[in-house]
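Beneath this line is the structure, given in structure tokens, with notes to follow.
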Amino acid sequence: MAILFRNVRVFSQEPAEGSSGETHVLVDGNTIRAVGDEAARLAPADAEVVEGKGDLLIPGLINAHFHSPVNHMKGMLPSLPLEIFMLYESPDFEPLRPSPREAYVRTMLAAMEMLRNGTTSVQDDAFFVPHPTPDIIDAVMQAYRDVGIRATVALDQPELAELDKLPFLAEMLPETLRAELREPPVFGRARLLECYRHLIETWHGHDGGRLSAAVSCSAPQRVSPDYMGELDALSRAHDLPFYTHMLETKLQRVLADEQPRFAGRSLVRYTADLGFLSERMNVIHAIWMDDADYDLIAEAGTSVAHNPISNLRLGSGVMPFRKLRDRGINICLGTDEAIADDAVNMWSVAKMAGLIHNIGGPDYGRWPTASEILECLFQGGAQAMRRGESLGSVEPGKLADLALVNLDSGAFTPLNDVHRQMVYCENGSSVRLTMVAGRIVFDGNRLATVDEAAIRAEAREIFSGRQGALTAARLEADRWLPYYQQMVSKAAASDIHMNRWLGYADEH
Ligand SMILES: [Zn+2]
């Protein structure tokens, strides 16, 4: 099936231009076949025509870091530091085990939202409570298959006991509680690898490559080196992105000084010494890192996923954007999870990324430009997904993952500067069409692939029935709260010769 976009401006990464003049784009199958006058010439007589009316055709937005299993928990928690937040957000609690239908519906919730605002690709670092199983993996993948988004999915599951993952707790807890946290998860390495086998064999490359697998260790401190090695081998064998959160919080930096296994090394140095820092790896957050850490990441060609809204919501700190760009590190952008961003909207993420670093210092020559942010959003995301050759721009030969942006909208009227108005003005409401792999999945009014109202109604019903389990989980988490608060305070007060918080530079 061929589709001709007639009279569209085509997004250009060149800041001076921002876009082409009015022209045409021909999509054939899942690929962009031609851009320019020849697109109209080559279009077959039966091609479907989308009248562009001078609107802006852009590459689909890429959400490079996301966790779908908390899609139904928007706005559920107050702003809290990550370690306390996680107590309530993803407890290892059997009553919270979802049914396959529940996992399907919750995955749909954010996928529908993303397609509506022009996001065509998502890297889902999916964690599972209490652990992954083939039927739940299938439910998540089936939702992505049905809704029509491009999804790369990993199983983000810690393998070590809670006490190994956090500093100070062992000495703070009474013995009875300490014993509970000393137990490693019952779902160990062998079973996790079986789940990976299932994910890769069943879903990797499915639907013409629209669905794919990634691997995730969650974070280096949450797994053994052996398990990291197994994941690295899978990543290498199948060319899969390898996701790992790294130094999101100050506490994680303090941990490395506390535990002998790290021998005083940062988590980045530790991972590099194990040989796992690679161009396939996506390091998520990269906030509490020093220059030597960023040098290692640059040297390895590793991508960094920047999630500025989540980092503000959890008070984690600010990633020093310019330090990474100076080193040529590939930065991609993500929402992180719906409970820590509260929207799944890459336009808001781009705006936040475009603004937050302006208070990093007075030298405005080092503030991000709108064009840099768009480069992170499009090419940065494509490279992190291992799709640099096929996604991230509107060019012949690339996959037809596109969004058509209405320029007859408040955000773009009058049109002063395409890049700046995309980053600072647009919020997703101007998206009038979303296409993934050559298929129109959103036409400006409705999704073509799914009955959104029915899914939302079902979500309300399912999750109102889960209130009892959520309340029980919250009460369970309350038992640990005083100790976690103590731990977080102690880590915050530690002197690590580095600060990534704003406003307290003179105090810490
Ligand atoms: Zn995350």
Side-chain angles (χ1 to χ4, degrees), residues 62-74 76-77 79-92 106-107 110-111 114 119 121-129 132 140 151-159 165-166 214-223 228 231 241-253 255 267-268 271 281-289 297 302-319 331-346 348-349 352-353 376 380-381 384-385 500:
I62 296 176
N63 187 355
H65 181 58
F66 180 63
H67 305 276
S68 66
V70 278
N71 283 349
H72 58 296
M73 293 174 79
K74 283 179 171 183
M76 194 169 272
L77 290 177
S79 294
L80 293 165
L82 175 78
E83 293 78 14
I84 295 175
F85 191 86
M86 283 177 73
L87 256 186
Y88 291 91
E89 168 229 13
S90 53
D92 183 5
R106 77 182 182 201
T107 307
M114 285 189 271
T119 298
S121 287
V122 61
Q123 295 206 101
D124 186 358
D125 191 24
F127 55 79
F128 297 86
V129 173
V140 170
T152 302
V153 180
L155 315 176
D156 169 343
Q157 216 67 17
E159 184 216 10
K165 297 184 277 182
L166 298 165
V215 295
S216 170
C217 71
S218 188
Q221 72 275 18
R222 298 176 189 150
V223 293
M228 263 184 117
L231 295 178
F242 184 167
Y243 307 148
T244 178
H245 296 74
M246 230 189 268
L247 293 169
E248 176 175 2
T249 63
K250 183 176 176 183
L251 180 143
Q252 293 169 3
R253 186 146 199 115
L255 174 78
L267 291 171
V268 181
T271 305
M281 187 167 265
N282 285 206
V283 163
I284 303 151
H285 302 303
I287 298 171
W288 292 86
M289 294 187 180
I297 286 173
T302 300
S303 294
V304 167
H306 181 34
N307 310 276
I309 294 181
S310 163
N311 297 155
L312 289 178
R313 180 77 152 86
L314 304 186
S316 302
V318 180
M319 184 196 85
I331 301 173
C332 52
L333 302 179
T335 54
D336 210 346
E337 55 204 6
I339 189 175
D341 178 305
D342 303 277
V344 192
N345 185 328
M346 289 307 299
S348 323
V349 171
M352 187 61 76
C376 297
M385 288 175 71
R500 294 280 181 259

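Start at 1 and go down the list; that is how both ligands and their atoms are numbered. For this chain, numbers begin at 1 and follow the sequence in order. Being a predicted model, the structure only gives us computed values, none of them experimental.
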Worksheet item: If you check every N/O/S atom of Asp336, which is the one nearest the Zn ion (ligand 1)?
Response: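 Asp336's closest N, O or S atom to the Zn ion (ligand 1) is named OD1.
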
Discussion item. Between the Zn ion (ligand 1) and His67, which N, O or S atom of the residue is the nearest one?
Written reply: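 When I compare the N, O and S atoms of His67, NE2 is nearest to the Zn ion (ligand 1).
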
Worksheet entry | side-chain hydrogen bond (donor to acceptor under 3.5 Å, both in side chains) between Ser303 and Asn282, intermediate numbers included | CA-CA 5 Å; Ser303 294; Asn282 285 206; 4.7 Å; no

Fill in: Reported OG-to-CG distance for the pair Ser310 and Leu82, which is rounded to 0.5 angstrom
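Going from the OG atom of Ser310 to the CG atom of Leu82 covers 8.0 Å.
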
Worksheet item: Would you call Arg313-Asp342 a salt bridge at under 4.0 Å N-O?
Response: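 Salt bridge between Arg313 and Asp342, a charged N being under 4.0 Å from a carboxylate O: yes.
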
Fill in: Heteroatom N/O/S of His285 within less than 2.8 Å of the Zn ion (ligand 1)
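It does not: His285 brings no N, O or S atom closer than 2.8 Å to the Zn ion (ligand 1).
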
Discussion item. Taking the six-membered ring for Trp, are His65 and His245 closer than 6.0 Å centroid to centroid?
Written reply: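 That pair passes the under 6.0 Å test.
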
